[in-house]
There are 2 protein chains.
Amino acid sequence: MGETDWIAVDWGTTHLRAWRMSGATATAQAQSDAGMGTLTRDGYEPALLSLIGGWIGDGDATVVACGMVGSRQGWVEAPYGTIPTAPLSGHFALAPTTRAGLRVHVIPGLRQNHPADVMRGEETQIAGFVAQNPGWDGVLCLPGTHTKWVHLSAGEVVSFQTFMTGDMFAALGQATVLRHSLGGDGWDETAFQSALGDSLTRPERIAARLFSIRAQGLLHGLPAGPARAQASGLLIGAELAAARPYWLGQSVAIIGGGTIAGIYDRALASVGLVATVTDGTAITLAGLTAAHTLVKETT
Amino acid sequence: MGETDWIAVDWGTTHLRAWRMSGATATAQAQSDAGMGTLTRDGYEPALLSLIGGWIGDGDATVVACGMVGSRQGWVEAPYGTIPTAPLSGHFALAPTTRAGLRVHVIPGLRQNHPADVMRGEETQIAGFVAQNPGWDGVLCLPGTHTKWVHLSAGEVVSFQTFMTGDMFAALGQATVLRHSLGGDGWDETAFQSALGDSLTRPERIAARLFSIRAQGLLHGLPAGPARAQASGLLIGAELAAARPYWLGQSVAIIGGGTIAGIYDRALASVGLVATVTDGTAITLAGLTAAHTLVKETT
């Protein structure tokens, strides 16, 4: 009870989350905004210790971390494993530390050479899904800034494809004329579904349909809610058209929480596909636990 | 010789250009970076006078201006003309001034109600093209931040469509993960043509093919030149696929100068279309001259 076996860490570009683990059970959680984007190389150890110092005291500590912390610009580079492969098959990297007794194992991402593609962090979620669903064959959809579609078979990642749909949506709202149109948090499901259907059929029109959102604002007073929903529908519609070989006639599991998982779920429903939705945090913890088991076996 | 009949002005979001005109001939030129984006409403008159003050001395002065200066956020709003219409058919607006004898006529843009679309500045270039090519029927392509495709018949704009291709290209390089990939000024024509062809055929893949540029950099060391050319080819390929009803079997004139006009010219050549390319500045001056003639007739 309250014992610290090891520490699980999810460390991305914009966030750092840590869990105190007793076996496969989280007994405490902490987080900060000390993501990779805010850190120089010597900032990682203090950022981590400021979160977990109270859990580990002066004793030895084993940390298992996934995400951009293992990229070339991260704490230590954990070279990609190459698909087809099991999700945790690359070489774990040991981060350089100054505190005695602290061992930080960093999980490697996955690479696909042709077409060129990479992931870092999602491989851990995939491992968590495999641990919770042994023998499952099908397709995982991991929505986010860089949404991944992953073909999983016999516990191995067979192929994957990344769409920078979320990254493009954010950039449209920040750095194009649509910054005047996409502010606020509103939504309009009818506008989303309509734009989604248009874009599934005519994805090439995306740059014209996006500009038309601005023109609808100028000429017809289009509010931010339907504007955001239209832009999202246009981008996700084109993505679904391209990802058709992944989802058509397949078992699809969406991994993730919150608004974006719901949007993908409804988008897939509109093309007649019933997906399952699995909470991203639980899956990440299951994957980090699987990785910890590997670390114990090999050290 | 050197006489100032009137002043022609092209005033966009990021630039201000003025010409001292004697009839249809420019006898001097001046420019600054005092675009709409840098100005509050009471900043327009001083910005203009700092450029043209030496030309007009203490006398009366007639100025004819096109561009975003006539937008809602500009010096004075010049309400859009509605297509189908001749390019200069809206109501010119008179900007509020404090200097005695200064009259600034602002050219209105054009609107299309369905699908919603707008232009401001391009209508003047279209008028210039019509003045130089009376009786010409066909399609104009005006490449830029918001590229316009315009169907012109019997001197009237029949329909038009805006693609925010240039705006998206800039945003990808500034505000997405591709900021690591698209820096610098390099180019690779083979990479451009290959991406263009792919995107013409499979435009829905754009968000995946764009992410793959980043992955090619991480995995295969792709340099900035081919990266930029790929991204441009992907965006323009999707645009050409959508704009096919505009260019297929049509006479197409590209209005504009420099790198971007050449890129569109080569892109159209790759689909078997021989376009003409007309210098944008000369066309703008011809359009402002046509507008000045209208101003003289109605005042």
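Relative orientation of the B/His220 and A/His114 rings is parallel, given thresholds of 30° and 60° on the angle between their planes.
For B/Arg205, the CZ atom sits in a loose shell: 12 or fewer heavy atoms of surrounding residues, nucleotides or ligands are nearer than 6.0 Å.
Counting only heavy atoms from C-beta outward, the side chains of B/Met168 and A/Leu210 approach each other to under 4.5 Å.
Neither the backbone nor the side chain of B/Arg244 comes within less than 4.5 Å of any heavy atom of chain A. In this structure, chain B has a heavy atom under 4.5 Å from the side chain of A/Gln161, while its backbone stays farther away. For a residue to count as touching a neighbouring chain, one of its non-hydrogen atoms must lie under 4.5 Å from one of that chain's; by this rule B/Arg72 touches chain A with the side chain only.
Here the CG-CD distance, from B/Asn113 to A/Gln216, works out to 11.5 Å after rounding to the nearest 0.5 Å. Between the CZ atom of B/Arg209 and the OG1 atom of A/Thr162 there is a distance of 13.5 Å, given to the nearest 0.5 Å.
For residues 170-179 of chain A, the interface with chain B (any heavy-atom pair closer than 4.5 Å) comprises A/Ala171, A/Leu172, A/Gln174, A/Ala175, A/Thr176, A/Val177, A/Leu178, sorted by residue number. Near-neighbour residues of residues 74-88 of chain A relative to chain B, defined by a heavy atom under 4.5 Å from a heavy atom of that chain, comprise A/Tyr80.
Counting heavy-atom pairs under 4.5 Å between each of B/Ala208, B/Ala242, B/Ser71, B/Ala238 and chain A puts B/Ala208 at the top. In terms of non-hydrogen atom pairs under 4.5 Å with chain A, the most contact-rich of B/Arg111, B/Glu239, B/Gln112 is B/Arg111.
Shown here for B/His146 and A/Phe211, the closest heavy-atom pair between the two residues is ND1-CE1, 3.6 Å. Shown here for B/Thr165 and A/Ala207, the closest heavy-atom pair between the two residues is OG1-CB, 3.9 Å. Minimum interatomic distance between A/Ser212 and B/Ala116 (heavy atoms only, all atoms of both residues): OG-O, 2.9 Å. Closest approach of B/Leu219 to A/Asp117, counting heavy atoms only: CD1-O, 3.6 Å.
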> Given B/Arg214 and A/Val118, is the side chain to side chain contact (heavy atoms under 4.5 Å, CB included) satisfied, shown in steps?
Replying inline: CA-CA 9 Å; B/Arg214 170 64 174 156; A/Val118 292; 5.8 Å; no
